[in-house]
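See structure below.
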Number of protein chains: 2
Amino acid sequence: MMDVAILAGVSHQTVSRVVNALPGVKPTTRVRVLAAIEQLGYRRNSAARALVTGRSQTLGVVTLNSTLYGPASTLYGIEQAALESKYFVTVASLRSTERPAVRQAIGRLVDQGVEGVVIIAPLVALAEALADLPTDLPIVAVEGDADADIDVVTVGQDAGAHAATAHLLSLGHQTVWHVAGPTDWLEARQRTAGWRRTLEEAGAEVPPPLPGDWSARSGYDAGRVLARMPDVTAIFAANDSMAVGIMRAFHEAGRPIPGAVSLVGFDDVPEAAYYSPPLTTIRQDFGEVGRRSLALLLDQIEAGSRPAQRHVVETTLVVRDSTASTPAAGQPRRRRPSR
Amino acid sequence: MMDVAILAGVSHQTVSRVVNALPGVKPTTRVRVLAAIEQLGYRRNSAARALVTGRSQTLGVVTLNSTLYGPASTLYGIEQAALESKYFVTVASLRSTERPAVRQAIGRLVDQGVEGVVIIAPLVALAEALADLPTDLPIVAVEGDADADIDVVTVGQDAGAHAATAHLLSLGHQTVWHVAGPTDWLEARQRTAGWRRTLEEAGAEVPPPLPGDWSARSGYDAGRVLARMPDVTAIFAANDSMAVGIMRAFHEAGRPIPGAVSLVGFDDVPEAAYYSPPLTTIRQDFGEVGRRSLALLLDQIEAGSRPAQRHVVETTLVVRDSTASTPAAGQPRRRRPSR
DNA sequence: CGGGATCGCGTGAACGCTAACATTTCGAGA
DNA sequence: TCTCGAAATGTTAGCGTTCACGCGATCCCG
């Protein structure tokens, strides 16, 4: 910066004013400084700036497994929104779902000097892990516990699960079976709860949910069990990947979907419209989740402490071909993928 | 730090020595300092440290669309490896595939003070964009151009495409059709090239490749075209998502896979084993790509300038049920997903 | 028992920038 | 022409570390 100042024949402070676009610099000197900057290829040192201003222009994102469609999409949404607001995003992946792992990840980010953190780790254990955290650190939890005293952006899991279950019931199914996600994920619990509530309200029998871990493999395992049970006519899978496994298992068992069994997934991954059959599912707007999270986080950073807020991003039921009315209406509809 | 020093009755420099685990501190004073740190909840300021050391402990990752399975997995691999080496990872997504967008993204990261950059943006335009970059910035390109004078970690696209095509030919197919990825992606070009080479070497006819954009939708569109052509018996899709769309189109057309047509994908996404039919595909080890990229980058940072290196991560052909010998051998095999 | 090597720790400066204040320059009105 | 205030620019200090020294205490060996 000093070099630029000398070359432009001004003081370093004036250079600072120019690079920060502060007022009070005569246009002629401004261009002179700009020219010097250009000539020397000067870039301001962010570390020095962060040191003196106390702001790093960096946000942290803690994510459990950024390979899954949901977290990856949310991360993408956050990053795009951060770009708009001139913030950087640094990521920290969790190695386990244990409480110390969460603390450690956040600790790492704090050490690096992030101004705030978004946690995309919808774990039950998270609420506890957040308890013993520096309270002055702005935090937003995606899919976090509503009871915790922090900002939360959440997807309408309950409403989504309700929509899925009600859709199946409205098609005439006596009840709906459920292949659940891992029980230490809040989303999984909420989807299960929404499913159960809907069945109870409809006076339908509530069969035991089958355990899954989001993977197609676990869906397949659950599907093999369900395919052996002749009275199963409707299934709500807690995500699309498991639905794929279920479809596979039923295909192998010779029980057509939706001919014999109707199936609803959750997520609406980009491929969902092209599965065989095209999958009826609950669409989540992950991009919106990312944007809202960031907005909330920036608001906290600006405004300082304030009452915790809670945003809900609603889901959409996307009806495709994996659901049909019962009793099986003869030949399955065959139509082109809708989307 | 000064507060800690005073509380422990030492100088700030001794505190620095303790937090950096440098030798030359008597064990008794070390514990005293540690106690003071604990008591005051001291954390060292990374900005100050970065300012004086000139090292930010931060790496940048430029990615095109971190929602796709490949980039997301690679990013995950890089982050995990960076964690091992005590580095942070900040991400910068590209908004377009244009050359200035790449420069801008890297510029952003440099402004933030990253020590090196991994570019996961296998674009043809990338090689050019890299040309006018600060040469002293350590860079590794994932799937970058081999001709460029930078480190490259690449997947054996050509070998993978060869394996896929040769597998189909070995099953007795006269030739293999190809649904390609976007032409501005290097990977897409290389897969197409490997496919073409294999056909030519085998003396098979080379049909025109159909264009795609990685999405299931584009695969479906291509599949609808191919399904109308009775002489098509084997297809190589440039990724698994497009293969899903192709499967859908053939299903609708009443042409069974693998009964009438054999299909091979590329990537081996986690769901591939559970599609209907389970998809024969080329597995890519994205985690390994991430690890290697990071190793190369750290090596550059340590060693300074050195001749550009080139690493190839090989692929594996995973044979499942979407491929069969021709002429169609009657009933398709039905077996449980392998994986 | 003396002297040099080693150990343990402290002092001062510097990293590159911005905030706060001080100073100069300039134009307008009396 | 002089005065005065606003605009433009400069000066100084300090952000929290680490680095390069320096200095006294301790140790070992002849």
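What you see is a predicted model; the values in this text were computed from it and never measured. By convention in this document, chain letters (A, B, ...) are assigned in the order of the sequence lines, proteins followed by strands, and residues within each chain are numbered from 1.
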Discussion item. If you compare every side-chain N and O of A:S11 against the phosphate oxygens of D:dT11 (OP1, OP2), does one of them come in below 4.0 Å?
Written reply: no
Discussion item. Below the 4.0 Å mark, does C:dT18 have OP1 or OP2 next to a side-chain nitrogen or oxygen of A:S16?
Written reply: yes
Fill in: Proximity to DNA chain C (any heavy atom under 4.0 Å), residues of residues 21-31 of chain B only
B:G24, B:V25, B:K26, B:T29
Fill in: Interface residues of residues 45-57 of chain A with DNA chain C (non-hydrogen, below 4.0 angstrom)
A:N45, A:A48, A:R49, A:L51, A:V52, A:T53
Heavy-atom donor-acceptor pair, [X] side chain to [Y] backbone, under 3.5 Å:
{"X": "B:D151", "Y": "B:Q309", "answer": "yes"}
{"X": "A:E79", "Y": "B:S93", "answer": "yes"}
{"X": "B:R17", "Y": "B:L22", "answer": "no"}
{"X": "B:T90", "Y": "A:F88", "answer": "no"}

Rounded to the nearest angstrom, tell me the gap between atom [atom1] in [X] and atom [atom2] in [N].
{"X": "A:R44", "N": "D:dC15", "atom1": "CZ", "atom2": "P", "result": "21 Å"}
{"X": "A:M2", "N": "C:dG16", "atom1": "CE", "atom2": "C1'", "result": "11 Å"}
{"X": "A:L40", "N": "C:dG16", "atom1": "CG", "atom2": "C1'", "result": "15 Å"}
{"X": "A:H12", "N": "D:dT9", "atom1": "NE2", "atom2": "P", "result": "15 Å"}
{"X": "A:D111", "N": "D:dG16", "atom1": "CG", "atom2": "C1'", "result": "14 Å"}

Discussion item. Any base atoms under 4.0 Å from A:R17, or only sugar-phosphate, or nothing? Heavy atoms, all strands.
Written reply: base
Practice prompt. Can you tell me which residue pairs pass the side chain to side chain donor-acceptor pair (under 3.5 Å) test with a partner in residues 107-126 of chain A, sequence neighbours excluded?
Written response: A:R55-A:E115, A:Y87-A:E115, A:D111-B:R43, A:Q112-B:T58
Worksheet entry | Within-4.5 Å side-chain heavy-atom neighbours: A:I119 and A:I106 | yes
Discussion item. Does any part of the side chain of A:V140, heavy atoms only, come nearer than 4.5 Å to the side chain of A:Q300, both counted from C-beta?
Written reply: yes
Discussion item. With hydrogens left out and only the distance checked, is there a donor-acceptor pair under 3.5 Å joining A:Q13's side chain and the base of C:dT18?
Written reply: no
Worksheet item: Would B:Q80 and A:R95 count as a side-chain hydrogen bond (donor to acceptor under 3.5 Å, both in side chains) if you check the C-alpha gap in whole Å, the side-chain angles of each, and the deciding distance to 0.1 Å?
Response: CA-CA 8 Å; B:Q80 291 292 306; A:R95 338 205 61 167; 2.8 Å; yes
Practice prompt. Check the pair B:Y69 / B:F286 against side-chain contact (heavy atoms from CB on, under 4.5 Å), numbers first and verdict last.
Written response: CA-CA 9 Å; B:Y69 177 70; B:F286 291 110; 3.8 Å; yes
